[in-house]
Amino acid sequence: MTLRVYDTRSRSKRVLTPLEEGKIGIYACGITPYSPSHIGHARQAIAFDIIVRWLRKTGYEVNYISNFTDIDDKIIAVSQEEGVDFLEVANRNIEDYFTVMDKLNVIRANSYPRVTETIPEIIEMIGDLIRKNHAYVSADGVYFEIDTAPEKYGQLTGQTLEMVRKGAGGRVAETGSGKRDHRDFALWKSAKEGEPSWDSPWGHGRPGWHIECSAMSLKHLGERFDIHGGGTDLLFPHHEAEIFQSECCLGHDPVVQYWLHNGMINVDGEKMSKSEGNFWTVSEALQNVDPLVLRYALINAPYRQPVDFNTVMIEDSSSHYGRLLSSYSEALHVSKESHIGQYEIESLNISSERLINGMNDDFNTRKALVEIQVVVKELASLLQSNDRDPIRIGEYVTWLEEFAGGVLGILPPRKSASEFYENKLSRRSEIESEVERLLEMRDVARESKDWSKSDKIRDELHEMGVVVEDGPEGTRWHVL
RNA sequence: GCACGGAUGGCAGAGUAGCUAUGCAAGGGAUUGCAGAUCCCUGGACCCGGGUGCAAAUCCCGGUCCGUGCUCCA
């Protein structure tokens with residue numbers, strides 16, 4: 001089955017055909033580091049992490065670029081507020097980004113270009129746009145002139161020039177800058193007093209918001225590349241502006257073959273965003289939630305769907321992840337190696353096929369998760385049974401490592417999974433004699449039908465973290 | 001207002017024409033002093049109104065509701 005992806009520009013799922021056989025270039029808009037990363041950033045990072053993982057597993061050599069827009073109005077605002085250099089603000093938040101994304105098991109991109117390291121390329125591109133009459137110099141900067149390429153308007157959002165003219169309503173009057181038309185957008189902003197700036201043919205200033213991505217994608221991926229991604233909130237104006245800039249500068253279209261956009265995180269049904277003030281930073285969330293539980297929660301819906309972030313979905317993910325981890329870690333303990341991709345167990349092959357079909361259908365992580373859940377359930381029941389065949393269990397371990405680990409990234413490293421299980425074992429042996437003693441007392445109580453005493457002992461054991469289970473073959477117990 | 005998405009059982013969330021989605025939760029049974037674990041079984045949904053079809057959750061038209069974008073945003 002071939003891989004199909006939903007392309008925002010054509011509004012349909014299209015078979016992914018790379019420009020160069022066997023290779024994929026992908027650019028995903030990263031963050032503007034003016035504050036610590038929030039859950040929405042994590043969603044974006046994880047979505048494209050999984051896309052890249054899947055492309056690689058499919059056999060593509062992937063060049064994945066994700067940028068930092070490390071100079072902009074908000075970064076300047078924060079730096080002025082704190083009285084520190086703007087780069088200090090940016091660096092601090094970039095560090096936070098890497099710290100939390102590492103915890104969330106996000107594989108690093110091949111490169112993380114920054115605006116401040118791309119200034120010469122940006123200046124060159126702006127110069128090019130001016131020479132080609134797509135941009136004009138004004139009193140307060142350089143602007144892209146929309147009317148020079150009206151056919152490119154609305155490529156991603158379906159809006160026409162007229163619609164925006166109307167829809168902008170009262171805001172249109174506030175243009176107030178050197179723009180000729182309110183829909184023109186800044187390529188270069190002249191420096192204001194006390195702001196960081198770079199020298200350019202148009203005086204000191206800094207890049208406008210959109211030009212950096214055109215310049216960086218060109219620099220790192222070339223004049224045409226396969227995939228451009230980002231959140232749906234960037235559709236307009238950011239990504240449409242990029243289309244204007246890149247295509248008008250390079251003189252061909254399309255520059256980007258496929259546009260992929262991830263959905264937003266909602267809180268109580270509304271988009272979580274910094275400006276709404278209803279956001280959780282990732283590090284705040286990680287104080288209460290295991291990073292892999294958070295990752296699990298964020299891939300529970302396909303990447304294009306909005307995700308409603310609330311305690312119920314976290315608890316749900318937590319219990320699913322708990323099942324996965326406890327089965328995996330126990331299986332690891334009793335298993336023998338097997339080889340990835342070659343499974344004797346028929347149900348594993350069926351699940352593989354379903355999972356692969358799901359991922360090939362626009363990276364449907366939900367379908368993949370369903371198969372993980374099914375396999376975990378089978379494994380748990382196998383571990384519970386008397387038939388704990390190490391080779392069979394080994395196949396489950398390998399399968400989980402291939403798909404839950406490699407593809408979805410929701411499995412901890414072997415080492416920590418083993419430790420998880422060994423901690424349970426050592427806790428078990430630590431308290432074993434005490435537990436046995438209490439259980440004997442309980443047995444005596446039970447024989448004399450002294451249920452209140454028996455239950456009291458069970459409660460006591462429960463407080464020690466021991467779960468008691470009476471079965472047909474006597475009483476068993478395990479550590480929570 | 002305009003644009004783009006979405007609306008499926010208690011919850012999450014698949015499914016684009018006919019065949020059990022799945023997981024969790026719930027109910028019933030087995031087991032059990034009770035509880036838990038396990039096993040077996042079960043119920044339950046396709047926003048509304050039209051249309052096309054032998055057949056529609058699935059296609060078409062109209063409507064309603066929700067989200068996002070139109071302003072800095074992943």
Side-chain angles (χ1 to χ4, degrees), chain A residues 6 8 11 28-32 34-35 37-48 66 69 72-74 77 97 154 156-160 162-172 174 182-183 209 229-240 261-266 269-276 279 297 300-308 310 312-313 315-317 319-320 323 351 354 358 361 364-374 376-377 380-381 384-385 445-447 449-452 454-455 458-459 462 467-473 475-478:
Chain A
Y6 185 89
T8 311
R11 279 182 214 107
C29 283
I31 60 160
T32 298
Y34 71 91
S35 67
S37 295
H38 65 220
I39 306 289
H41 297 131
R43 215 261 164 123
Q44 189 274 144
I46 290 168
F48 285 92
S66 185
T69 300
D72 100 312
D73 292 354
K74 290 191 172 173
Y97 179 87
L156 300 178
T157 56
Q159 303 176 105
T160 64
E162 283 309 309
M163 286 169 181
V164 174
R165 190 168 283 155
K166 276 191 228 153
R171 289 187 291 268
V172 176
E174 296 162 18
H182 78 277
R183 293 156 308 177
W209 174 32
T232 55
D233 54 346
L234 297 181
L235 245 21
F236 189 94
H238 186 58
H239 287 163
E240 290 205 357
H261 291 94
N262 63 278
M264 298 293 99
I265 297 283
N266 292 161
E270 303 239 322
K271 186 179 101 171
M272 168 161 76
S273 74
K274 293 180 195 171
S275 48
E276 294 293 326
F279 70 98
N300 190 230
Y303 75 97
R304 291 196 297 127
Q305 297 308 123
V307 165
D308 200 66
N310 56 56
V312 173
M313 65 91 89
E315 280 164 15
D316 220 45
S317 302
S319 75
H320 279 120
R323 266 185 277 272
S351 281
R354 287 184 179 153
D361 182 15
N364 193 326
T365 50
R366 174 62 209 183
K367 284 191 197 164
L369 239 27
V370 163
E371 296 310 318
I372 304 289
Q373 288 167 0
V374 167
V376 166
K377 200 176 177 180
S381 139
Q384 196 88 35
S385 73
R446 291 180 78 212
E447 265 166 44
K449 297 195 194 297
D450 186 351
W451 306 128
S452 71
S454 146
D455 289 350
R458 188 169 63 195
D459 289 344
H462 195 78
V467 178
V468 176
E469 287 166 9
D470 300 320
E473 288 145 38
T475 300
R476 301 202 309 181
W477 63 280
H478 66 265

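Order of the sequence lines sets the chain letters (A, B, ...), proteins ahead of strands, with each chain counted from 1.
At the heavy-atom level, A:Arg476 lies nowhere under 4.0 Å from the strands shown. Backbone-only engagement by A:Gly230 is indicated by non-hydrogen atom pairs under 4.0 Å involving sugar-phosphate atoms exclusively. A:Ile31 comes within contact range of the sugar-phosphate backbone alone, with a heavy-atom separation under 4.0 Å but no base atom that close. In this structure, A:Asp308 reaches neither bases nor backbone, as no heavy-atom distance under 4.0 Å exists between it and the strands shown. Nucleic acid contact class of A:Asp73 (heavy atoms, under 4.0 Å, all strands): none. Residue-level contact check: A:Glu469 touches the bases, meaning some heavy atom is under 4.0 Å from a base atom. Looking at heavy-atom distances under 4.0 Å, A:Lys449 makes no contact with the nucleic acid at all. A:Arg354 comes within 4.0 angstrom of nothing in the nucleic acid, heavy atoms only. Nucleic acid contact for A:Ser381: sugar-phosphate only, since backbone atoms but no base atoms lie under 4.0 Å from a heavy atom of the residue. If you check every strand for non-hydrogen atoms under 4.0 Å, A:Leu156 touches nothing.
The two residues A:Val374 and A:Ser351 have their closest heavy-atom pair at CG1-OG, 4.4 Å. Across all non-hydrogen atoms, the minimal contact from A:Tyr303 to A:Tyr6 is OH-O, 4.2 Å.
What separates CG of A:Asn262 from P of B:rG67 is a distance of 19 Å, to the nearest Å. Per the geometry, CG belonging to A:Leu235 stands 14 Å off C1' belonging to B:rG67, to the nearest Å.
Between A:Glu469 and A:His478, some side-chain heavy-atom pair lies under the 4.5 Å cut-off.
When distances are taken from the side chain of A:His38 to each of B:rA74, B:rG36, B:rG23, the shortest belongs to B:rA74. Closest contact between the side chain of A:Arg458 and the listed nucleotides B:rA35, B:rC4, B:rA74 involves B:rA35.
Base orientation of B:rG53: syn, the glycosidic angle falling within 90° of 0.
The partner of B:rC65, taking Watson-Crick or G-U wobble pairs whose two distances both stay under 3.5 Å, is B:rG6. Across every strand in view, B:rC34 sits unpaired, with no contact that passes the Watson-Crick or G-U test at under 3.5 angstrom. Under the Watson-Crick or G-U wobble criterion, with both distances below 3.5 Å, B:rC70 is paired with B:rG1. Partner assigned to B:rG27 is B:rC41, using Watson-Crick or G-U wobble distances below 3.5 angstrom. Both distances falling under 3.5 Å, in either a Watson-Crick or a G-U wobble arrangement, occur for no nucleotide opposite B:rA14.
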